Amino acid sequence: MMTIRWPLALLFAVLLLLPLGLQDYLLHMAIQILIWGFVYTGWSVMGRFGQVSLGHGAFLGVGAYTTALLWNNFGLVPWIGIPIGVAFAVLLALVIGYPCFRLKVVGHYFALVTLALSQVVLLSIVAARDITGGSLGMTPNSVGQSSWLALQFTSKMHWYFVALAVWAFGLWVWVKVDRGMGRAAMEAVSEDETAAAAVGINVTREKLRVTVISAAMTAFGGALFGQYQMYLNPETLSGIGVSLQIVFAAIAGGMYSLLGPTVGALLTIALTEGLRIGFGTTLIGAANTIYGILLILFIIFMPRGITGFFGAWTKRRAATAAATT
Amino acid sequence: MLQLAGVSAGYGSFQALFDVSLDVGAGEAVGVIGPNGAGKTTLMRVISGMLPVRAGRIDLEGRALAGMPAHRVIGEGIAHVPENRRLFPGLTVEENLRMGAYIPSARQHVRERLEWVYELFPRLKERRDQIAGTLSGGEQQMCAIGRALMSKPKILLMDEPSAGLAPLVVQQVFGLVRRIREEGFTVLIVEQNVQQVLEVVDRAYLLEVGRIRLSGSAEELKNNDFVRQAYMGI
């Protein structure tokens, strides 16, 4: 355990001191990496057990829009709005998950159901344009100053630490799932559902459990991102595009390791920014094409993602070093 | 110990079991024989709660099991060695065995049960860190039986333990069944390999197209003309 704890403690120390030396633009990147890293970690909580959801944008949208709409229309602060948004996402996960898991809708079929779900949420947001602003998006009412109550901050530094705390919480949840008895159960389920049932695992309940955790984290991340951006757009917070981006990042970073999804966030955000700066508006949509190509390459050559690949590589090197001495 | 009375079950509009009644006494080994498609696997699935009962009763030591979900049936003391072993192929032998003690009542005894299974099947101890999917067929069956024993069941259901194995390995597997019997376990075993199974069980039932056609001691069935002609080719 010591071998893992030290680098992690060091990483946290660096992350705590990091904003002191960063200008606003880089801080903005760091905040986005942390928030999306949290969302991708949430996806991998179920993805690592073979529960591939292509519809996490649905939970993102539900979390973000619920929080913002409750604030704008009823003056409910995000401290209440976010839990409600998360609760809605959990409810949605249960409504979709329970029948799927009971009726053994698995693998590709489950992925298709979730894909449809993300699109349904996107269309619902657009259709309810009178209250959500439709495709034009919406802006949470600003209080004009930094306020913990309204969860609005004028300084990026504040946001950095909020995002850092939430991200760290996400890692903690990931570790909890990783160490719990549920992990063994879910690993068994992902290997063979029939065999898992034969040893006494309540397959439906275990699958629902990780799905609910994953949906809740994603909704939380979505709400936070909306608060940070102070602008919600249905295309960036629901639908197929962002859903696939989540899948890409988690797989590319490595969904089987603690920091894999965060590495995925680093990669996607660097890629998006790089393209934006390098090509401006001439290559609109290039990011998705590149994601697609990269995803294929990753699945073929690095199925365990970047972290998984380097983890195995350092292990191999250590083994050869041990063998030669 | 285990009693089925008038059990019917099926899939959708297809009925696979009609009014099946059988019983298994404590310490007994009972076989259910029959051809492909007779409903043998369905019978196992019904008992272990993986398939709902349409009509009839299933009782274990007087407690009604019908309608109980699979994960609770195991807690009642029924362990199921599914058809085709159904190991977790990517997990090691030991991880597979540990999964067998997943139910809460078994969890705190994992260590001792593991020792006990290893004592029973030393081969599994040698292979404890091997990925289960890379074991030979016979060893996989051994691992599947070991996994089922981890929950320390009152009764062990075995679904076609000889399926897909080479003749020599089939012999070994039936040797394992005999060992388990000697340990005092109650066993209900479903098999197509009639000749072999009648060597290890006390009594057997003949299941044909979803109905019990015959029953009797292993000796009686071995000497029954109909069974000899239809299932042993003698």
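In what follows, every heavy atom counts, from backbone to side chain, and hydrogens, waters and symmetry copies are set aside. As the structure is a computational prediction, the values presented were derived from the model and not from experiment. Order of the sequence lines fixes the chain letters, A, B, ..., with proteins taken first and strands second; residue numbering starts at 1 for each chain.
Interface remark: of the candidates A/Val203, A/Thr194, A/Asn202, A/Asn202 forms the most heavy-atom pairs closer than 4.5 Å to chain B.
For the pair B/Arg179 and B/Phe174, the cation-pi test (distance below 6.0 Å, angle within 45°) is failed. Remark: A/Arg48 fails to qualify as a cation-pi partner of A/Trp43 under the 6.0 Å distance and 45° angle criteria applied to the six-membered ring.
Enclosure of atom OH in A/Tyr109 is not indicated, since only 12 or fewer non-hydrogen atoms of other residues, nucleotides or ligands lie within 6.0 angstrom. Surrounding CZ of B/Arg123 are at most 12 heavy atoms belonging to other residues, nucleotides or ligands under 6.0 Å away.
Within the 3.5 Å criterion, the main-chain N or O of B/Leu17 finds a donor-acceptor partner in the side chain of B/Gln15.
B/Met50 touches chain A through its side chain: at least one heavy atom from C-beta onward sits under 4.5 Å away, while N, CA, C and O do not. Using a 4.5 Å cut-off between heavy atoms, B/Pro89 touches chain A through backbone and side chain atoms alike. With a 4.5 Å cut-off on non-hydrogen atoms, B/Arg107 touches chain A through its side chain but not through its backbone. With a 4.5 Å cut-off on non-hydrogen atoms, A/Glu193 does not touch chain B at all.
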